[in-house]
Amino acid sequence: MDRIIETPESNYGQLTIAEAKLIQENLGEQINLSPMEGEIKTIAGADISLDINSEKVYAGMVVLSYPDLEPIAYSLVETINMFPYVPGYLAFREIPALLKVYEQIPVKPDCIMFDGNGILHARRLGIATHFGVLTDTVTLGCAKKKLAGNYADPGEMKGEYSLVTDKGDTIGYALRSKLNVKPVFISPGHKMSLKDSMDITLQCLGKHRLPEPTRRAHEFVNRFRIGELKEGFHELEQ
DNA sequence: GCGACAG
DNA sequence: ATCTTGTCGC
């Protein structure tokens with residue numbers, strides 16, 4: 001039973017899926033979905049980019065002002081792939097790198113939006129929830145595809161949404177983030193309510209399908225991968 | 001057994 | 001996730 005106490009810092013070692021599942025069930029007891037406290041002044045977007053023919057992982061977080069949504073700083077870290085992509089276990093692949101990215105930020109953001117799910121997960125432990133519980137931070141998830149649950153297609157107008165339910169629980173929303181695009185899936189990660197996750201996401205919508213935090217994070221980690229940006233923490237000129 | 005399956 | 005060309009629309 002020693003192996004299941006492997007930490008993210010150790011890249012979760014060579015965990016088996018059965019062990020990873022036990023870790024998720026364990027973390028599940030600490031999830032906090034009570035209404036968020038305090039005002040949001042900054043929100044970060046988190047994402048990773050992979051090199052198609054190497055083991056390199058380019059992880060990053062972009063901090064934006066809120067509700068202005070202007071990028072004010074970013075943190076980038078390059079690591080090595082240690083865990084494969086397995087549906088339902090994305091956190092074990094991306095969190096080790098994202099923890100380094102987060103530690104590198106001097107003034108922490110009030111909230112973090114992940115490219116993936118929060119509680120919209122079979123065991124309610126998507127990457128946003130996993131990271132939130134691990135670091136005791138306020139998080140939410142925004143995924144481009146459905147991972148679990150059932151939902152009715154939301155109205156076609158920007159801002160319309162429907163509930164995603166699973167086994168009697170409401171675990172998130174299908175949101176039409178822009179006219180004529182497929183919906184994105186929103187769910188709270190940790191230290192915020194279901195409603196908070198929707199309120200915040202609606203405030204983060206711009207001209208694109210993805211909310212500004214994750215859209216910017218995706219943009220920055222890709223620029224990092226192609227050598228346009230350098231590793232480390234950087235503040236942007238305003 | 002069958003279908004689903006974040007990035 | 002990543003690769004890639006054209007195409008449609010603001």
Side-chain angles (χ1 to χ4, degrees), chain A residues 8 11-12 15 17 20-21 23-24 27-28 45-61 76-99 101 112-133 139-151 153 156-158 164-167 171-175 177-190 197 201 205-211 213-228:
Chain A
N11 268 336
Y12 281 121
L15 288 182
I17 294 302
K21 184 178 180 182
I23 289 176
Q24 293 182 330
L27 292 174
D47 192 18
I48 69 164
S49 180
L50 305 173
D51 193 315
I52 191 163
N53 40 22
S54 88
E55 295 289 81
K56 294 182 177 179
V57 175
Y58 300 87
M61 285 180 52
L76 301 170
V77 170
E78 179 186 318
T79 60
I80 297 298
N81 236 333
M82 293 298 286
F83 200 88
Y85 168 64
V86 181
Y89 300 88
L90 177 66
F92 295 89
R93 177 176 176 75
E94 304 195 348
I95 280 185
L98 290 175
L99 279 177
V101 166
I112 310 172
M113 179 184 284
F114 290 78
D115 193 354
N117 297 295
I119 62 169
L120 203 168
H121 179 281
R123 289 169 294 285
R124 315 300 182 247
L125 256 142
I127 185 169
T129 302
H130 193 131
F131 187 97
V133 170
T139 65
L140 74 164
C142 174
K144 297 180 290 298
K145 297 176 185 174
K146 191 200 76 170
L147 171 64
N150 301 89
Y151 70 100
D153 202 40
E156 64 211 66
M157 302 308 292
K158 176 179 182 177
V164 176
T165 59
D166 182 46
K167 300 168 184 172
I171 58 177
Y173 306 93
L175 166 68
S177 53
K178 179 179 186 291
L179 181 64
N180 295 326
V181 297
K182 295 174 65 81
V184 290
F185 299 85
I186 308 302
S187 60
H190 188 54
S197 70
T201 302
L205 297 185
K207 292 180 166 186
H208 310 266
R209 180 165 87 116
L210 295 187
T214 48
R215 187 181 75 82
R216 288 297 196 176
H218 191 265
E219 175 197 331
F220 278 59
V221 293
N222 273 310
R223 289 172 62 188
F224 178 30
R225 177 171 55 76
I226 65 178
E228 208 173 299

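The chains referred to below are lettered A, B, ... by the order of the sequence lines, with proteins before strands, and numbering in each begins at 1.
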Any base atoms under 4.0 Å from N117(A), or only sugar-phosphate, or nothing? Heavy atoms, all strands. base

Rounded to whole Å, the CG-C1' distance (L210(A) to dG7(B)) equals 13 Å

Using chain A heavy atoms and a threshold of under 4.0 Å, write down where along DNA chain C the contacts begin and end, 5' to 3'. dA1(C) to dC3(C)

Assign Y89(A) to base, sugar-phosphate, or nothing according to its heavy-atom contacts below 4.0 angstrom with the strands shown. base

Kindly say if K144(A) contacts the phosphate of dG7(B), meaning a side-chain N or O under 4.0 Å from OP1 or OP2. yes

Does either side chain, that of N222(A) or that of S49(A), offer a donor lying less than 3.5 Å from an acceptor on the other one? yes

Per-nucleotide pairing state of DNA chain B [Watson-Crick or G-U, under 3.5 Å; [ ] pseudoknot-crossing; | other strand]: .......

Give the dot-bracket line for DNA chain C from 5' end to 3' end: parentheses for intra-strand Watson-Crick or G-U pairs under 3.5 Å, square brackets for crossings, | for inter-strand pairing, dots for unpaired. ..........

How close or far is atom C1' of dG7(B) from atom CZ of R93(A), stated in whole angstroms? 7 Å

Sugar-phosphate, base or nothing in reach of G141(A), heavy atoms under 4.0 Å: nothing

Rounded to the Å, how far apart are H121(A) NE2 and dA6(B) C1'? 8 Å

Between dA6(B) (P) and L120(A) (CG): distance, integer Å: 11 Å

Is any side-chain N of the basic residue among D47(A) and R216(A) closer than 4.0 Å to the acidic one's carboxylate O? no

Here the distance between atom C1' of dA6(B) and atom NZ of K146(A), to the nearest Å, is 12 Å

